[in-house]
Amino acid sequence: MARNAEKAMTALARFRQAQLEEGKVKERRPFLASECNELPKAEKWRRQIISEISKKVAQIQNAGLGEFKIRDLNDEINKLLREKGHWEVRIKELGGPDYARVGPKMLDHEGKEVPGNRGYKYFGAAKDLPGVRELFEKEPVPPPRKTRAELMKDIDADYYGYRDEDDGVLLPLEQEYEKQVIAEAIEKWKEEKEARLAGGGGAKEVEEEEEYIYAIKDDEQSDDEMREQMEGEDGAQTFIAHVPVPSQKEIEEALVRRKKMELLQKYASESLMAQSEEAKALLGL
């Protein structure tokens, strides 16, 4: 038993179809939607476009069509979607329903837009084309940044190195390295000393080098420093005061003056203090 599609292709069926179409002129869809001034025809052309979009969306699901065929189908679908939008605007202008607001969005939802490229959509196998698949791959979400409070939770004495010596390993290593550095410095100093002696510096340089730098010569001491010099008992080391040191008498006089000023500020009025100052000025005190 033949299928319906095969029946439709028989000679009798085609002859019968030609008889029915005799005298009829097949009307073509206007190129511009603004050329249509009748609402029923505008809705008819819109339904026709939707039918064409449905067929092409079904075709583009086949990934075996080849890259170029899939790209052409995807361009045609986007072109028909734009044309459908023009007819929906025209239908609204002619007093029809607003399909852009209340119409079904099934065909539009099957396509996927590239982020940042609004308007052009990819359908079916076109989403997996080379160069298109990478556009839909989302960038990995960056790890959330830690707040200052979270960072401060990990900061303790170990962070500042206060417990580095508790393990008993660091101190012996530091002592060993310190001895090594000191030995190297002494060896270097001896070599330089021998080189100077070999160069003919003589004993004078040795005396100048080994001279006690803290010794104080008698002619460098002033009279004030000599007065303030305190001699130790039994020939002990002497010390010199390099700043003026007040005597006991001067300290007592300063304390008495300070006490007088405190009493005057406590019991005397401002007018009495001003008169006292004037009297001292007149007396030259």
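On a predicted model such as this, the values are computed, not experimentally measured, just so you know.
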Q) Can you check salt bridge (Lys or Arg N to Asp or Glu O under 4.0 Å) on R71 and E67, steps first, answer last? A) CA-CA 6 Å; R71 290 186 184 274; E67 180 181 348; 3.1 Å; yes
Q.
Please determine whether side-chain contact (heavy atoms from CB on, under 4.5 Å) holds for the pair R257 and E253, giving the CA-CA distance in whole Å, both sets of side-chain angles, and the decisive distance to 0.1 Å.
A. CA-CA 6 Å; R257 288 196 300 270; E253 292 178 355; 3.8 Å; yes
Q: Answer whether the closest heavy-atom distance between the side chains of E178 and E174 falls below 4.5 Å.
A: no
Q. How far does CG of L39 sit from NZ of K92, to the nearest 0.5 angstrom?
A. 14.0 Å
Q: Output the distance between atom NZ (K69) and atom CD1 (I60), rounded to the nearest 0.5 Å.
A: 10.0 Å
Q) Can any side-chain N or O of S54 pair as donor or acceptor with the backbone N or O of I50 at less than 3.5 Å? A) yes
Q) Transitively linked via ILVMFWY side-chain contacts under 4.5 Å: I77 with L65? A) yes
(Q) Evaluate I53 against F123 for side-chain contact (heavy atoms from CB on, under 4.5 Å), listing each step before the verdict. (A) CA-CA 11 Å; I53 293 174; F123 295 83; over 6 Å; no
Q) Should Q248 and E252 count as side-chain neighbours, where that means a heavy-atom distance under 4.5 Å? A) yes
(Q) Minimum heavy-atom separation for I91 and R46, please, with both atom names. (A) CD1-CD, 3.7 Å
Q) Between A125 and A63, what is the shortest heavy-atom contact and its length? A) CB-CA, 3.8 Å
Q: Would you give the length of the straight line joining atom CD1 of I186 to atom NZ of K193, rounded to the nearest 0.5 angstrom?
A: 12.5 Å
Q: Decide yes or no on salt bridge (Lys or Arg N to Asp or Glu O under 4.0 Å) for K188 and E184, but give the supporting numbers first.
A: CA-CA 6 Å; K188 183 179 179 182; E184 292 176 357; over 6 Å; no
Q. Can you find a heavy atom in the side chain of K44 that is under 4.5 Å from one in the side chain of P40?
A. no
Q: Check whether any side-chain N or O of Q61 sits under 3.5 Å from a backbone N or O of V57 as a donor-acceptor pair, and report yes or no.
A: yes
Q: Kindly indicate, with the supporting measurements, whether the criterion salt bridge (Lys or Arg N to Asp or Glu O under 4.0 Å) is fulfilled by E88 and K84.
A: CA-CA 6 Å; E88 289 175 352; K84 180 173 77 76; 3.1 Å; yes
Q. Can you name the residues that form a side chain to side chain contact (heavy atoms under 4.5 Å, CB included) with L151, not counting sequence neighbours?
A. K146
**Q.** Donor-acceptor contact below 3.5 Å, side chain R90 vs main chain C36
**A.** yes
Q. Are K190 and E194 within salt-bridge range, i.e. N to O under 4.0 Å?
A. no
Q. Which heavy atom of N74 sits nearest a heavy atom of Y120, and at what distance?
A. ND2-OH, 3.1 Å
Q: Is it possible for you to say whether L32 and V89 belong to one hydrophobic cluster, with membership spreading through side-chain heavy-atom contacts below 4.5 Å?
A: no
(Q) Can you confirm whether Q59 sits close enough to E76 that some side-chain heavy atom of one is under 4.5 Å from a side-chain heavy atom of the other? (A) no
Q: Mind checking the CZ-CD1 spacing from R47 to I49? Nearest 0.5 Å is all I need.
A: 11.5 Å
Q: Evaluate whether atom CD of E176 has more than 12 neighbouring non-hydrogen atoms of other residues, nucleotides or ligands under 6.0 angstrom away.
A: no
Q) Measuring from D154:CG to D156:CG, what's the distance to the nearest 0.5 Å? A) 8.0 Å
Q.
As a test of understanding, state which of D75, N62, L129 forms a side chain to side chain contact (heavy atoms under 4.5 Å, CB included) with I70.
A. L129
(Q) So which atom in P172 and which in V169 form the shortest heavy-atom distance, rounded to 0.1 Å? (A) CD-O, 3.4 Å
Q: Output the distance between atom CG (L94) and atom CH2 (W87), rounded to the nearest 0.5 Å.
A: 9.0 Å
Q) Are E43 and P97 side-chain neighbours, meaning at least one heavy-atom pair lies under 4.5 Å? A) yes
